[in-house]
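Each chain gets a letter, A, B and so on, in the order the sequences are listed, and its residues count up from 1. Computation of the quantities below employed the complete heavy-atom set of this structure, encompassing side-chain atoms and omitting hydrogens, waters and symmetry-equivalent molecules.
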There are 2 protein chains.
Amino acid sequence: MNLPTLRQLHYLVTVVELCHFGQAAERCFVTQSTLSTAIQELESLLGVQLLERTKRKVIPTQLGIELADKAREIISMTESLVLDAQIDRKPLSGELRLGVIPTISPFLLPKVLPGIRSGFAELELYLLEDQTHNLLERLAAGELDCAILALPFDLGGLEYQVFWQENFLVAFPADHPLSQGGPIASQKLPGNELLLLEKGHCLRDHALAVCHMKAMAKRASFQGTSLYTLVQMVAGGQGITFLPEMAVDDDFLAQNQIAVRPLAEKGPHRELCLVWRTAYHRKSDLALLADCMRGLLAASYSQKAK
Amino acid sequence: MNLPTLRQLHYLVTVVELCHFGQAAERCFVTQSTLSTAIQELESLLGVQLLERTKRKVIPTQLGIELADKAREIISMTESLVLDAQIDRKPLSGELRLGVIPTISPFLLPKVLPGIRSGFAELELYLLEDQTHNLLERLAAGELDCAILALPFDLGGLEYQVFWQENFLVAFPADHPLSQGGPIASQKLPGNELLLLEKGHCLRDHALAVCHMKAMAKRASFQGTSLYTLVQMVAGGQGITFLPEMAVDDDFLAQNQIAVRPLAEKGPHRELCLVWRTAYHRKSDLALLADCMRGLLAASYSQKAK
DNA sequence: AAATTTAATAGGAAAAAACGATTTATGAAT
DNA sequence: ATTCATAAATCGTTTTTTCCTATTAAATTT
């Protein structure tokens with residue numbers, strides 16, 4: 001359908017209001033001829049008469065008045081669209097779709113979400129927990145605004161900000177021969193007792209990378225679906241596993257018969273980062289979010305230390 | 001405020017929907033470069049980013065989606081404005097502001113309004129009763145769409161259509177010496193007994209014009225405010241007066257002790273017409289209305305004759 | 001009758017919109 | 001790794017639209 005322009009509608013509104021082409025033109029900051037022609041074109045486009053005019057007088061027709069009312073509404077909606085566009089968003093407000101990998105999510109979120117929620121009350125977080133490659137796919141598709149992942153990982157052309165570093169620990173059943181002592185080198189671990197997360201979890205790859213053992217993966221006797229179930233199995237004496245520091249700090253470990261020892265290998269073993277598309281339009285919000293999480297994490301640990 | 005054009009909004013809606021400049025351009029029947037530039041200008045006008053784009057992919061921002069929704073609404077309102085403009089009005093429908101002079105109104109309207117109302121159910125008549133010059137003033141100001149007047153009268157540049165003709169009668173008290181007989185010449189009337197409507201009523205001037213007596217007006221003993229009161233006075237024996245045929249036909253005469261005689265002077269003494277501005281946009285409606293009134297009047301009289 | 005007001009119109013200048021061609025960047029395929 | 005294909009941005013040009021100035025024509029007022 002052939003639509004009139006907003007300018008034409010504005011001219012109509014003004015001339016209907018003033019009933020005078022010259023004055024209306026002045027108010028619209030154009031000449032009378034411009035206005036006159038514009039109204040004629042509008043009338044011809046609509047195929048109706050909007051104004052009854054002699055050389056002396058202008059009287060809007062009934063239809064002209066009705067359409068001017070509608071036009072006013074349209075213009076005012078457009079103005080409100082412009083205003084809507086220009087409301088300065090507070091930092092970290094509105095919807096934010098955040099993906100988190102499963103080996104970070106249950107340990108990180110309880111530590112930082114309360115602080116984020118209270119610091120940015122107008123932020124509406126939509127959380128999605130999935131493995132790294134799925135998160136990256138959704139991120140690329142625009143279904144997520146950002147994601148929390150663990151490095152090292154090839155992020156392609158994505159931008160990111162590291163906000164935390166941590167090492168891995170080895171978890172033994174409390175009564176395991178190796179359960180006591182300080183840092184332990186990964187070569188000394190009984191490979192055949194090693195329980196690992198199923199494929200796709202980056203924690204599995206990271207842990208194996210730290211230990212320089214790719215082959216050993218094959219020997220792993222069980223592939224767990226989550227760190228929680230894995231820990232249950234360790235507590236049950238069915239093997240040993242790697243845990244990130246975050247998890248060890250967690251309450252749920254305390255309730256199980258488990259002992260942990262640091263890995264002797266130099267860290268940091270993994271880095272937590274917030275990732276986003278290069279073209280993402282609210283990068284500053286995300287940088288702020290990452291900073292905020294670092295701060296909250298640090299606060300959380302220093303509090304536990306007391 | 002600087003507003004975006006409807007065209008820009010339409011481009012935005014399309015590109016947000018398709019997430020692809022090329023396809024959106026095709027759907028809008030323009031080239032990709034046109035669309036690309038238009039969106040950039042819109043973004044710059046609004047001062048915000050509406051689309052997140054790489055060379056490969058387009059993802060609307062949250063704001064882009066919201067504004068596209070608003071834009072859709074604005075466009076659809078504009079479309080509905082165009083449609084509203086193009087609904088073919090039924091003949092004689094909608095508002096019509098009609099002025100009628102007091103010496104026609106009470107006699108004509110009861111005869112024609114029921115027929116008009118039933119024939120044109122969607123017509124909303126707004127009636128105003130006033131003297132000719134006031135009606136013409138309001139007509140010129142656009143406060144009335146048309147008016148029913150009596151000719152002869154100088155209507156200036158107005159257009160009109162005569163729909164009825166009638167003569168004047170003389171009304172006597174039933175017991176007046178001249179009350180009986182056929183046509184009577186105005187010279188034989190007792191000028192000092194003549195009761196007339198106050199100045200401004202065209203009936204007064206018309207009657208005097210028919211009788212070729214201007215001077216006689218000065219002798220008129222009383223100036224009535226309406227034909228009804230005038231008739232009451234005649235019935236009370238206080239004098240004689242002129243009445244248009246329409247009024248004589250009316251029921252209210254029968255209830256009074258009044259006799260009427262035609263004037264000997266050749267008619268028609270006055271013509272009833274519908275007047276409108278030359279530039280008025282619904283002339284055909286008014287011509288139809290006039291025709292309709294003629295028909296209804298004729299029907300009304302032929303029915304009385306039976 | 002002359003002067004004034006006001007909408008329409010004509011012609012030309014300025015601005016905006018659109019196009020075609022090219023460039024640049026990014027995935028995908030070889 | 002190189003080439004190919006895709007897609008958005010950009011550049012220069014053409015077309016279209018918009019607007020302006022000046023004038024005309026009609027209707028009032030002086």
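Residue A:Leu51 contributes atom CG, which lies 14 Å from atom C1' of C:dT6 at whole-angstrom precision. For the pair A:Glu43 CD and C:dA8 C1', the interatomic distance rounds to 12 Å; values are reported in whole Å. Atoms CD (A:Gln49) and P (C:dA7) sit 15 Å apart, rounded to a whole Å. Put simply, CD on A:Glu26 is 17 Å from P on D:dC19, counting in whole angstrom units. Put simply, CG on A:Leu45 is 13 Å from P on D:dT17, counting in whole angstrom units. The separation between A:Leu42 atom CG and C:dA7 atom P is 17 Å, rounded to whole Å. Between the P atom of C:dT9 and the CD1 atom of A:Ile39 lies a distance of 14 Å, rounded to the nearest Å. The interatomic distance linking B:Glu41 (CD) with C:dA15 (P) rounds to 15 Å, in whole Å.
Using a cutoff of 4.0 Å between basic side-chain nitrogens and carboxylate oxygens, B:Glu17 and B:Arg27 are scored as salt-bridged. For A:Arg282 and A:Asp145, the salt-bridge test fails: no basic side-chain N is under 4.0 Å from an acidic carboxylate O.
Of the listed nucleotides (C:dA17, D:dT10, D:dT18), D:dT10 has the atom at the smallest distance from the side chain of B:Gln40.
Atom OH of B:Tyr160 has 12 or fewer heavy atoms from other residues, nucleotides or ligands within 6.0 Å. Residue B:Glu137 qualifies as open at atom CD: its count of foreign heavy atoms under 6.0 Å is 12 or below. Remark: B:Glu73 CD is loosely packed, at most 12 non-hydrogen atoms of other residues, nucleotides or ligands lying under 6.0 Å away.
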- So B:Glu52 and B:Lys57, salt bridge (charged side-chain N to carboxylate O under 4.0 Å, His left out) or not? Walk me through it. CA-CA 8 Å; B:Glu52 193 183 300; B:Lys57 191 161 25 193; over 6 Å; no
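Formation of a donor-acceptor pair under 3.5 Å by the B:Arg53 side chain with backbone atoms of B:Leu51 is found in this model.
Looking only at side-chain heavy atoms (C-beta outward), A:Ile39 and A:Tyr11 come within less than 4.5 Å of each other.
Side-chain N/O atoms of A:Arg53 include one lying less than 4.0 angstrom from OP1 or OP2 on C:dA8.
With 3.5 Å as the limit, one finds a donor-acceptor pair spanning the side chains of B:Thr103 and B:Arg270.
Atom CZ in A:Phe153 sits 10.5 Å away from atom CG in A:Leu158 (nearest 0.5 Å).
Proximity of residues 2-12 of chain B to DNA chain D (heavy atom under 4.0 angstrom from any strand atom) is not detected for any residue. Non-hydrogen atoms lying under 4.0 Å from DNA chain C are contributed by A:His20, A:Phe21, A:Gly22, all within residues 17-25 of chain A. Listed in residue order, the members of residues 27-36 of chain A having a heavy atom less than 4.0 Å from DNA chain C are A:Gln32, A:Ser33, A:Ser36.
For the pair B:Val162 and B:Arg294, the tightest heavy-atom approach, listed with the atom from each and the gap, is O-NH2, 2.8 Å.
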